[in-house]
Asker: 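Below you'll find the structure I mean.
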Amino acid sequence: MTEQMTKETFLEKVFNFNENKEWKYEGELPCIIDFYADWCGPCKMLAPLLEELSEEYKGKINIYKVDTEVEQELSAAFAIRSIPSMLFCPMDAEPQMAQGALPKQEMERIIKDVLGVEK
């Protein structure tokens, strides 16, 4: 199941940008962060796919959602200019950003290649 993030949970579970200048992932599993807005059509199309992936990769990755309208500071911290945007955070490497509503096959490829997670 995807989890809604606030700035507080982001600082705790992903990256504490208040304390660290260099990227330091705080999570226990690789994650995908979906930056979205309720009014965004492509975001609504992506939501069921993210729920599906969260079930298929349960215990292997976490999927978080950030409402760009509510969490404007988080959106600004990652220079989110278009939505949906997804931040892929591997355990021991730099995160990578992808924009747009990607198809399932592409999402699975990124999960494998960037996050290093197999089904």
Asker: Is it true that a side-chain atom of Lys44 and a backbone atom of Asp38 form a donor plus acceptor pair closer than 3.5 Å?
Answerer: yes
Asker: Does Met91 have any side chain to side chain contact (heavy atoms under 4.5 Å, CB included) partners at least two apart in sequence or in another chain, and if so, which?
Answerer: Tyr25, Pro30
Asker: Taking NZ, NE, NH1 and NH2 as the nitrogens, is one of them in Lys24 or Glu26 under 4.0 Å from a carboxylate oxygen of the other?
Answerer: yes
Asker: Gln4 and Asp67: which non-hydrogen atoms are nearest, and at how many Å?
Answerer: NE2-N, 3.6 Å
Asker: Nearest 0.5 Å, please: how far is NZ in Lys65 from CE in Met86?
Answerer: 9.5 Å
Asker: Measure the CG-OG1 distance between Leu74 and Thr6 for me, rounded to the nearest 0.5 Å.
Answerer: 8.0 Å
Asker: Between Trp39 and Val70, is there shared hydrophobic-cluster membership here, with clusters defined by ILVMFWY side-chain heavy atoms closer than 4.5 Å?
Answerer: no
Asker: If you draw a 6.0 Å radius around NZ in Lys58, do more than 12 non-hydrogen atoms from other residues or ligands fall strictly inside?
Answerer: no
Asker: Taking all non-hydrogen atoms of both residues into account, name the closest pair between Ala101 and Leu46 and its distance.
Answerer: CA-CD1, 4.3 Å
Asker: Working to the nearest 0.5 Å, report the span between CD1 of Ile33 and CG of Asn62.
Answerer: 10.0 Å
Asker: Short question: side chain of Asn20, backbone of Glu22 - any donor-acceptor pair under 3.5 Å?
Answerer: no
Asker: How long is the gap from CZ on Phe88 to CG on Asp113, to the nearest 0.5 Å?
Answerer: 11.0 Å
Asker: Closest heavy-atom contact between Ser85 and Ile80?
Answerer: CB-CD1, 4.0 Å
Asker: Walk me through whether Phe10 and Tyr64 qualify under side chain to side chain contact (heavy atoms under 4.5 Å, CB included).
Answerer: CA-CA 9 Å; Phe10 184 91; Tyr64 302 119; over 6 Å; no
Asker: Could you tell me whether a side-chain N or O of Lys7 sits under 3.5 Å from a main-chain N or O of Glu71, the two making a donor and an acceptor?
Answerer: no
Asker: Please indicate whether Asp92 has more than 12 foreign heavy atoms, meaning atoms of other residues, nucleotides or ligands, lying under 6.0 Å from its CG.
Answerer: no
Asker: For the residue pair Phe35 and Gln99, establish whether any side-chain heavy-atom pair is separated by less than 4.5 Å.
Answerer: no
Asker: Rounded to the nearest 0.5 Å, what's the gap from NZ on Lys119 to CD1 on Ile111? Could you check?
Answerer: 8.5 Å
Asker: Considering residues at least two apart in sequence or located in another chain, which fulfil the ring-ring contact (aromatic ring centres under 6.0 Å, His included) criterion with Tyr36?
Answerer: none
Asker: May I ask you to decide if the ring planes of Phe15 and Phe78 are parallel, tilted or perpendicular, using 30° and 60° as cut-offs?
Answerer: perpendicular
Asker: Going only through I, L, V, M, F, W and Y residues with side-chain contacts under 4.5 Å, is there a path from Leu102 to Leu53?
Answerer: yes
Asker: Tell me whether Trp23 shares a hydrophobic cluster with Met97, the cluster being built from Ile, Leu, Val, Met, Phe, Trp, Tyr side chains joined at under 4.5 Å.
Answerer: yes
Asker: What are the two closest non-hydrogen atoms of Pro90 and Pro95, and how far apart are they?
Answerer: CD-CA, 4.0 Å
Asker: Can you list the steps and then say if Leu11 with Glu19 is a side chain to side chain contact (heavy atoms under 4.5 Å, CB included)?
Answerer: CA-CA 9 Å; Leu11 294 175; Glu19 290 182 10; over 6 Å; no
Asker: Any chance you could measure Leu29, atom CG, to Ile61, atom CD1, to the nearest 0.5 Å?
Answerer: 9.0 Å
Asker: With the 4.5 Å side-chain cut-off for hydrophobic clustering, are Ile83 and Leu49 part of the same group?
Answerer: no
Asker: Look at the side-chain heavy atoms of Ile, Leu, Val, Met, Phe, Trp and Tyr, link any pair under 4.5 Å apart, and say whether Met1 and Met5 land in one connected group.
Answerer: no
Asker: Show your reasoning for whether side chain to side chain contact (heavy atoms under 4.5 Å, CB included) applies to Leu115 and Ile32.
Answerer: CA-CA 9 Å; Leu115 299 183; Ile32 301 170; 4.0 Å; yes
Asker: Does atom CD (Glu52) have a neighbourhood of more than 12 heavy atoms from anything else shown, all under 6.0 Å?
Answerer: yes
